[in-house]
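Below is one structure, written out as structure tokens; the observations come after it.
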Amino acid sequence: MWNQSLGGGGVDEESEDFVPFDCFLPPTIDRHVPIQSMPSELKKRKNHGSNHQPQTPPAAHSTQARDQGAVAASPPSISPSKPLPEPAADDQQKKRDSSPAKPAAPSLDAIIDEGFEREAQWSFLWTAGLIVVTVLAILTRIYRIQDPAKVVFDEVHFGKFASFYLRGEYYFDVHPPLGKMILGAVAALAGYDGHYLFDEIGDDYVVHGVPWITMRMFPAVCGALIVPFSFMTLRELGLSWSGAMFGALMLVFDNAMITQSRLILLDSMLLLFGVTSVYAWVRFYRERTSPFSLSWWFWLTMTGVSLALTLGIKMVGLFTIGVIGIAVLFDLWRILDLDRGLTMAEFYKHFAARALCLIVLPISLYLSFFYVHFALLPYSGPGDAFMSPRFQATLLGNEMLTKSLPIPYNSQVSLKNKNQACFLHSHDAHYPLTYENGHVSSEGQQVTGYMHPDGNNMWEIIPARDNGNPPVLDADEKKNGIRYLRNGDVVRFMHIGTGNYLLTHDVASPLTSTNMEITAVTPEEAEKRYEETLWQINSKEDKIGERLKTMRSLISVTNVKHQVVLLPNAPLPSWGFAQTEINGEKKLDAKGATWYFEEVVHDSIVDGVDIYGPPVQPNTKRRGEMPFLSKFLELQNLMFVHNAALTTSHPYSSTPGSWPFVSRGVSFWETKDGLRQIYLLGNPAIWWFSISSVGVFVVVWLIDRIVLRRQVDLLGPSLRKWFDNAIGFLFVAWLLHYIPFFLMGRMLFLHHYLPSFIFSTMLAAALMDFLFRLCFERGPLALAGGDKMKAMRIPVFAWAKSGPFGGLLYVGLLIGVMSVFLGVFNFFMPLSYGYGFADVEELRKRKWFKSWDLQYA
């Protein structure tokens, strides 16, 4: 076999092939460098310890050598049991005398130098191609960008967020802030002041004085730049000029990429930074022969910066980080190999460099985005309600400043649950004796959760008996004759409407048999069961003994005797007026058991102002402080929680399984006037071709592995190395950006597939190059003059000698396929740009599937 005869399928440090996943090579292929390049002591160790000889492959598997033009090749092997007889000395001499002298094979350096010279001769083609695809990408993205001059689809969200930055008002969104800050900066440069909040889809930009063309232009340019970076990535992966052009033009003429790029949206920025992350990593890997050089550090740093930018736009940037992370692990595994000749000290330097640039740097940049985000939004805004009272207290003009008050004992208060936004409520109604589940109640007074302000939400806070240990009062309390509620205090709650006391006991709650019933009992009963009416107030954010305040102090309410916390659950049946069950949860840190005091009524509080407290100037002075990391972690957690909670159905949502086949799109905007509609829809020809290519790659990979197990080498290690690691890298990138969506429960749309789509088009172009160019190239063994070890070390660009185009037949094939793509692109252009149709029949021709929501069709 090739792998046994050539001695390895791995990449030597001198090779320039891109091999991000060297460990993808099958176990039968040796990953070590040739013995000739090892240090002398390693040669001795390898020769001494290697007694195993390769088995003889079946005779039927011997095929014509690759350098004679065959795709499959298996040089003859030597039987371990029967050594070949030595030919007679006279016969050997006759053969030497009669054989013509063979020219000396060129050296490895000469072969590689020739490859570099050939590359240099073709460099002008790459420059010209880069210019062409960039210009085409820009033109297709900015064409008719001013139309429609209306709010389109999610511009209603991201335009609004940009306005909030210009107004300085705090908002909440499930995505990181970088993209929206960029949109806000672009709007500010255009002279916009954020006066309009993009209230409704279809609102007129001209009427509201919004610089919508400028705000759309930046995403359009980002969308256009995806194409040249993809083109350059394909070049670095070893594709021909024709193959790279083919891959780039698929992105130029894809309808979905155009539609998603020319509106005030985040996706084009996300896609651009994701592609630049991959490009920077590929460039860094190509610098592996000169570690710690300036260019090596530059591309490693740019990889980290690009990853941070990707994650700073949307959380799906984590998928891109996963792709690069896997490549880094394989890279470190490669250089850890003892045969590479690196000491452990040198390996630690490599590890530290990657950790610095790919972990520390991206995290630092990601944190900096949120630091700027908080700094730009100092004022109270619509996002306040999502945040904790402590967070809200840091915002100017927030209720935490104007309504945050100390809580005197014997005042009347309302308690509100942070998670379910219901008040602790009671009324003159009782639990039924028997519940629907057969459990028996105490028939006590109902204590429930109520969603609306009401007099029955009010409770008086009564201090527990001091038992001979009077509380310690501060000077203000002694002076004013008032005692305030503090963190850690034990209290009793008396319901204002009925005069009964809050209590829990060992009776199952109505809906949760494992939890305790919460009820209210008469003063006489409360005296008999005094300990069951004691509740401790605990706040994790305040120090023990610190005064608690309304709106900002988050507390848990724990029964002293039974050690259960108040927890709202689910709506009660009709006997409970569909109000929320409140039960006693044994898990003291249960999620959802967080409350805060919303209202306080006391003689010392007049018109919402504490008469004994300092005056408040809410717009000039911050009352609360919160460390940056605490604010960041709170917001980050809320982003994850609310993103996962986006499960409400949407008329244009779709499932991941339908995305590659374009069986459903998204209607962005429509008007009956002129039958105009902007409909997010991929170019069906390109999308179907791309996903088919992914399938072909998997089939070819599996077939090659199966026959390789039978010692039939269809490709040879040099071609396999490129197939596995260049195309395989793109396959992993496609897979990691696609599969995670199957695990998500939130609503999803077609545009979530766009990162995977980009890598599928690049894979399709690389696969075309593999099938119709590289498989017919003159193999590296011929270039090396039969020297198998030298052949293993010749990079693809040096042995692929067909030129930048790949042959007339190959170019003709690419042109023919691209012509089909262009025809389909032109057919669906009216839906991408929204310039309408002459009549309904023309619109109906575009509705290839019933699931395509084309209005008026």
Side-chain angles (χ1 to χ4, degrees), residues 141 145-165 171-184 186-187 192 194 196-205 208 210-223 255-273 312-317 382-383 639 642-643 645-654 659 664-671 676-682 741 744 746-755 757 831-834 853 855:
R141 271 66 181 171
I145 198 169
Q146 76 283 356
D147 192 32
K150 311 281 186 182
V151 178
V152 176
F153 196 56
D154 277 351
E155 288 185 337
V156 74
H157 299 303
F158 300 116
K160 186 194 305 291
F161 297 148
S163 292
F164 282 137
Y165 282 112
Y171 72 92
F172 174 79
D173 183 41
V174 296
H175 301 303
L178 178 61
K180 293 159 288 186
M181 288 194 296
I182 293 175
L183 291 175
V186 171
Y192 182 56
Y196 171 63
L197 290 179
F198 296 72
D199 298 312
E200 297 288 342
I201 295 176
D203 282 358
D204 195 306
Y205 283 133
H208 293 284
V210 178
W212 82 99
I213 297 177
T214 303
M215 294 181 71
R216 285 177 179 174
M217 189 65 70
F218 184 82
V221 172
C222 289
N255 301 77
M257 292 291 293
I258 291 173
T259 303
Q260 197 71 22
S261 297
R262 52 194 308 275
L263 299 171
I264 306 173
L265 305 174
L266 304 181
D267 297 271
S268 61
M269 290 180 269
L270 171 74
L271 299 174
L272 173 62
F273 296 142
I313 301 297
K314 283 189 175 183
M315 294 306 298
V316 293
M639 287 163 54
H642 285 274
N643 192 36
L646 295 175
T647 56
T648 306
S649 62
H650 191 280
Y652 301 124
S653 61
S654 54
W659 296 340
R664 187 160 177 76
V666 181
S667 181
F668 278 7
W669 174 83
E670 62 200 42
T671 177
R676 301 177 63 189
Q677 183 175 8
I678 295 178
Y679 193 73
L680 179 68
L681 186 73
F741 286 108
M744 295 184 184
R746 60 155 291 174
M747 60 180 176
L748 299 168
F749 300 91
L750 180 65
H751 64 258
H752 287 114
Y753 182 69
L754 290 179
F757 168 71
L831 294 174
S832 302
Y833 295 102
D853 306 286
Q855 300 298 324

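Residues satisfying the ring-ring contact (aromatic ring centres under 6.0 Å, His included) criterion with Phe273, sequence neighbours excluded, are absent altogether. For Val666, the side-chain contact (heavy atoms from CB on, under 4.5 Å) partners at least two apart in sequence or on another chain are Phe153, Tyr652, Phe668, Leu680, Phe749, Leu750. Val156 meets the side-chain contact (heavy atoms from CB on, under 4.5 Å) test with Val151, Ile201; sequence neighbours excluded. Under the salt bridge (charged side-chain N to carboxylate O under 4.0 Å, His left out) criterion, Asp853 pairs with Arg664, sequence neighbours left out. Listed by chain and number, the residues in a salt bridge (charged side-chain N to carboxylate O under 4.0 Å, His left out) with Lys150 are Asp204 (sequence neighbours excluded). Under the ring-ring contact (aromatic ring centres under 6.0 Å, His included) criterion, His752 pairs with Phe741, not counting sequence neighbours.
Judged purely by distance below 3.5 Å, without hydrogens or angles, the side chains of Tyr205 and Gln146 never pair a donor atom with an acceptor atom. Between the side chains of Ser268 and Gln260, no donor N or O sits under 3.5 Å from an acceptor N or O.
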Side chain to side chain contact (heavy atoms under 4.5 Å, CB included) between Met215 and Glu155, intermediate numbers included: CA-CA 10 Å; Met215 294 181 71; Glu155 288 185 337; over 6 Å; no

From CA spacing to verdict: side chain to side chain donor-acceptor pair (under 3.5 Å), Gln677, Ser667: CA-CA 7 Å; Gln677 183 175 8; Ser667 181; 2.9 Å; yes

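No close placement of the Phe198 and Phe158 rings is indicated, their centers lying 6.0 Å or farther apart.
Separating the CZ atom in Arg141 from the OG1 atom in Thr259 is a distance of 9.5 Å, to the nearest 0.5 Å. Note that the OG atom of Ser261 and the CG atom of Leu271 stand 7.0 Å from one another [nearest 0.5 Å]. Taken to the nearest 0.5 Å, the CZ atom of Arg746 stands 10.0 Å off from the OG1 atom of Thr647. Asn255 CG to Leu831 CG: the interatomic distance, rounded to the nearest 0.5 Å, is 8.5 Å.
A donor-acceptor pair is defined here as one N or O able to donate and one able to accept, closer than 3.5 Å; no such pair exists between the side chain of Lys180 and the backbone of Ala162. Between the side chain of Ser653 and the backbone N or O of His650, at least one donor-acceptor pair lies under 3.5 Å.
Electrostatic pairing of Asp147 and Arg676 counts as a salt bridge here, judged by a charged N lying under 4.0 Å from a carboxylate O.
In this pair, His208 and Tyr196 present their aromatic rings parallel. The plane angle is below 30°, not in the 30 to 60° band.
Contact of the Ile678 side chain with the Glu670 side chain is not registered, since no non-hydrogen atoms from C-beta on lie closer than 4.5 Å.
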